[in-house]
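Because the structure is a prediction, the values reported are computed rather than measured.
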Amino acid sequence: MTTKPTMEPTQLESKIKSSLDASVTSLDQDTQQALAAIREISLKKQQHRTWFNFNAWRPASAFALSALLAILFVYQPNSLDDALQRVASQQNISHEQPEHLTMLELITNTEDLETATDPDFYVWIDEVLATEGMKNAV
Amino acid sequence: MPMERDFDKQYLSMNHFLADIEGRAFRMAQIATGNRDDALEIVQDTMMKLVQKYSHHPATEWKALFYSILNTRILDWHRRQSVRNRFRSWLNWHDDDDESIEDALAQHPDDTSQTPDAKLQDNQFMVSLNVALSALPLRQQQVFLLRVWEGMDINEAASIMQCSASSVKTHYARALEKLREKLGDHQ
């Protein structure tokens, strides 16, 4: 009766490992190129993902939010109304004279600077005020 | 810009990691499927998922994550094949030109850097090893390759295989026994 010579497990393991390693190093060119192409495609996905990643946009988002808050803090929407009220009280214009308040609002409105600098505008104001004065007199 | 530098660093690290592991991953998938194209597809899916989902994880975790994905993909492939084979046998299909199971010789890469005798011996061992590994049940095959080829300890292999350490020990012992029986005379 003959018995087959057998390797010890550790010897067998190391032989299997080296044989598998050799099979990787001697992979054919086509397979190596295919693997490299697959890797390249996968890494491109990483690039795309990173640009859409929230972490990448965090500093820009924080800056935009800070800028918005600063603008809202400096140019509060009520601040223009407050300025108008202050000028109205200085000029002794009360809420019972709505046409005067309207004129004042037009003059103090920063968005209508072109109107306020137009001489025809003041001529028109005089006419309106004169007409209103006549109506009030009647 | 620091953010771009971090990205470049991570890109290079991932590229290096994948370049190092891709050959072994391909061979594992090839042994498990017996088919080159399916093996390449499995490796591609694995790389894609690792890069897309886990590239922000620490590099030290990539290896375990990679093999975890790879083994799941191989398992999925076997399930699909099992369903397909059942369907085929149900319809009584006979596909003589089936290329899904390649000859073990075709899996063996060509090596021209050895003497003819050594090359012949190694070729014979490699062919026998391919046959023996392919014949192992999938779980035994995966555990064996992770332990012997990747040098993972029992707990690492258990974590990747999502089973207990004792299961890993059992699978490994059975795989080793079967391989010893089949390859014992290749000295």
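A19(B) touches chain A through backbone and side chain together, each having a heavy atom under 4.5 Å away. Heavy-atom distances place both the backbone and the side chain of T31(A) under 4.5 Å from chain B. Heavy atoms of L129(B) lying under 4.5 Å from chain A belong exclusively to its side chain.
Within residues 42-50 of chain B, the residues having any heavy atom under 4.5 Å from a heavy atom of chain A are, by residue number, V43(B), Q44(B), M47(B), M48(B). The contact list for residues 142-156 of chain B toward chain A, using heavy atoms and a distance under 4.5 Å, reads F144(B), L145(B), V148(B), W149(B) by residue number.
A salt bridge links E177(B) with R180(B): the distance from a Lys NZ or Arg NE/NH1/NH2 to an Asp or Glu carboxylate oxygen falls below 4.0 Å. Salt-bridge check for R80(B) with D76(B): failed, with every basic side-chain N at 4.0 Å or more from each acidic carboxylate O.
With no hydrogens or angles considered, a side-chain donor-acceptor pair links R27(B) and N130(B) at under 3.5 Å.
Remark: side-chain polar atoms of H78(B) are paired, donor with acceptor, to backbone N or O of A32(B) under 3.5 angstrom. No side-chain donor-acceptor contact under 3.5 Å links S19(A) to the backbone of K15(A).
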Check residues 158-165 of chain B and write down every donor-acceptor pair under 3.5 Å in which the side-chain atom is one partner and the other belongs to a residue at least two apart or another chain.
from    : atom 1 : to      : atom 2 : distance (Å)
S164(B) : OG     : S166(B) : OG     : 3.1
S164(B) : OG     : S167(B) : N      : 3.2
S164(B) : OG     : S167(B) : OG     : 3.0

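Of all the heavy atoms in M28(B) and Y67(B), the pair that sits closest is SD-CE2, 3.5 Å.
Scanning for salt bridge (Lys or Arg N to Asp or Glu O under 4.0 Å) contacts around E40(A) gives an empty result, with sequence neighbours left out.
The line from CZ of F73(A) to OG of S66(A) is 14.0 Å long, rounded to the nearest 0.5 Å. For the atom pair L136(B) CG and H171(B) NE2, the distance stands at 11.5 Å (nearest 0.5 Å).
Cluster annotation: I41(A) is not connected to F26(B) through the hydrophobic network of ILVMFWY side chains, with a link wherever side-chain heavy atoms come within less than 4.5 Å.
When each of L179(B), L133(B), L40(B) is checked for heavy-atom pairs under 4.5 Å with chain A, L40(B) comes out on top.
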